[in-house]
Number of protein chains: 2
Amino acid sequence: METIPRNIHLVINEKLFVKDPETTNLGKRILEHSILLIDEVGFEAFTFKKLGQIIGSNESSVYRYFENKHKLMLYLSSWYWSWVEYRMIFAVHNIEDPLDKLHRAIRVVTGDVLDDDRTIYINESVLNRIIIAEFTKTFLTKEVDEENKEGFFKVYKNVICKLSELMLDVNPEYPYVKSLASSIVEGALHQHYLKAHFQTITDFAEKDKDLTEFYIQSINKILL
Amino acid sequence: METIPRNIHLVINEKLFVKDPETTNLGKRILEHSILLIDEVGFEAFTFKKLGQIIGSNESSVYRYFENKHKLMLYLSSWYWSWVEYRMIFAVHNIEDPLDKLHRAIRVVTGDVLDDDRTIYINESVLNRIIIAEFTKTFLTKEVDEENKEGFFKVYKNVICKLSELMLDVNPEYPYVKSLASSIVEGALHQHYLKAHFQTITDFAEKDKDLTEFYIQSINKILL
DNA sequence: TATGATTTAATAGTAATACTATTATTTTTG
DNA sequence: CAAAAATAATAGTATTACTATTAAATCATA
């Protein structure tokens, strides 16, 4: 995959970090290994102490970059959705047919993720795995409304809005574009999770059945 | 609503509790007030200490019923899905037409929940709110696979399997019944949450648009 | 190269949480 | 009424998620 030119930087809400981790070596090591460690032990068991030990640095040094682990997770999530948005725009660019555009966007949002070598310190395929397992929990909290006001979920909402606009181009009469788009984005994460942990309630454990195909077929029937 | 006859007891996996809370007064008070307290402060801030204070009892007494708060949440979730399953079976019983049956089941799974007065110590409409906000988190953990083996999510999976069977009766050729069913069950919870916290990415903040209607329309187009 | 500024590391400490263990007291039951 | 069971009270532990302080290392530049 070659989607992000090296000179482009994904911009992240400044309230999510104390010090921009992309500006220093230690910061990049924090990003790199927090992704790997969260993937390994899960967000609940992930601590700054363990992370510090792994990167040969100190707990308190991690705190100079991120206020707490929740903010770090929100940072990683924003990075992820920003990257998805970028790839989505890239995928539909210069395409004429609205339905073709929508299909390409759906492919980006629901498809499997390969590592993008252009960012050495972020392993996108592992990041995708932790988004599948952990992202939903970032907004299922008592603090959602405040954090939403602070714009912590803006990039995620952007992806959904972009997708719903593409749907509207296919069928301007359809009344539920926003819910259809949010269902697909969240639903794809959920089906990926089921595939890994609850094979009895998903069809995508079977090799010949494909998630993206399911969504493309469904929206064709719903919108056309 | 009059769905559960007083003499019927929802059976819950015995590994979820130390002592069956439905057998004693204190147990019922624990169920009643844990639902209210989780709704009030959220699962993360919910502790057995606070619960003990509220029910005028002791932290350690709560531990005699539930090993920890996660198991308590799993207990409440099982109770909820068991109740949904019961209502679903009840709703389709004696109905002939497969499509009519499916529509009725979808209505149970996606519709708003009113309190069922037959169980005095469980407020179903509050329980529904905490399921919307907290249930997904119960399986997004590193322990899913073990807990799944223990049968902690059996009732939830039952609901989805029942729903997918009804879909198969409508269209035996459709290849994605399980994923369609799990998408609807999880998707409905998600859309309810969006309605409460992320109005920009759902259509159901608008009064004239209805979640159940959206799902019934969608499955009609997908299955027929 | 010296000086100051910034960054990072190390240490210690705190409040809260999620328990466990023990004993005393109350309630239930036969 | 006595024995058994349930509950309450108290205390204690390990871990977590931080904060504060100071020391050491690195860097930037006059």
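Below, all heavy atoms of this structure are taken into account, side chains as well, without hydrogens, waters or symmetry copies. Order of the sequence lines sets the chain letters (A, B, ...), proteins ahead of strands, with each chain counted from 1.
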Of the listed nucleotides ([options]), which one gets closest to any side-chain atom of [X]?
X	options	result
B/Asn58	D/dA9, D/dT7, C/dT7	D/dA9
B/Lys50	D/dT10, C/dT17, D/dT7	C/dT17
A/Ser60	D/dA20, D/dT7, C/dA18	D/dA20

Roughly, in whole Å, what's the span from [atom1] in [X] to [atom2] in [N]?
X	N	atom1	atom2	result
B/Leu51	C/dT17	CG	C1'	15 Å
A/Met73	D/dA17	CE	C1'	18 Å
A/Tyr65	D/dT19	OH	P	17 Å
B/Asn25	C/dT28	CG	P	9 Å
B/Lys71	C/dC19	NZ	C1'	13 Å
B/Gln53	D/dA8	CD	C1'	13 Å
B/Tyr63	C/dT17	OH	P	11 Å
B/Phe48	C/dC19	CZ	P	7 Å

Under 4.0 angstrom, heavy atoms only, what part of the nucleic acid is [X] near: base, sugar-phosphate, or nothing?
X	result
A/Phe66	nothing
B/Glu59	base
B/Ser57	sugar-phosphate
B/Thr47	sugar-phosphate
A/Lys19	sugar-phosphate
A/Lys49	nothing

A/Lys49 NZ: over 12 foreign heavy atoms closer than 6.0 Å:
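No, the 6.0 Å shell around NZ holds no more than 12 heavy atoms from other groups.
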
Regarding B/Lys157 and the six-membered ring of A/Phe198, is the cationic atom NZ or CZ under 6.0 Å from the ring centre and inside 45° of its axis?
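Not flagged: B/Lys157 not positioned over aromatic ring of A/Phe198.
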
Result of checking B/Tyr75, B/Phe153, B/Phe135 against B/Trp81 for ring pair (Phe, Tyr, Trp, His ring centres under 6.0 Å):
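Checked B/Tyr75, B/Phe153, B/Phe135 against B/Trp81; only one passes ring pair (Phe, Tyr, Trp, His ring centres under 6.0 Å): B/Phe135.
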
For residues B/Tyr176 and B/Ser183, is any side-chain donor paired with an opposing acceptor at under 3.5 Å?
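Side chains of B/Tyr176 and B/Ser183: no pair found under 3.5 Å.
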
Got a second to check how far B/Leu51's CG is from B/Glu32's CD, nearest 0.5 Å?
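Result: 10.5 Å between the selected atoms.
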
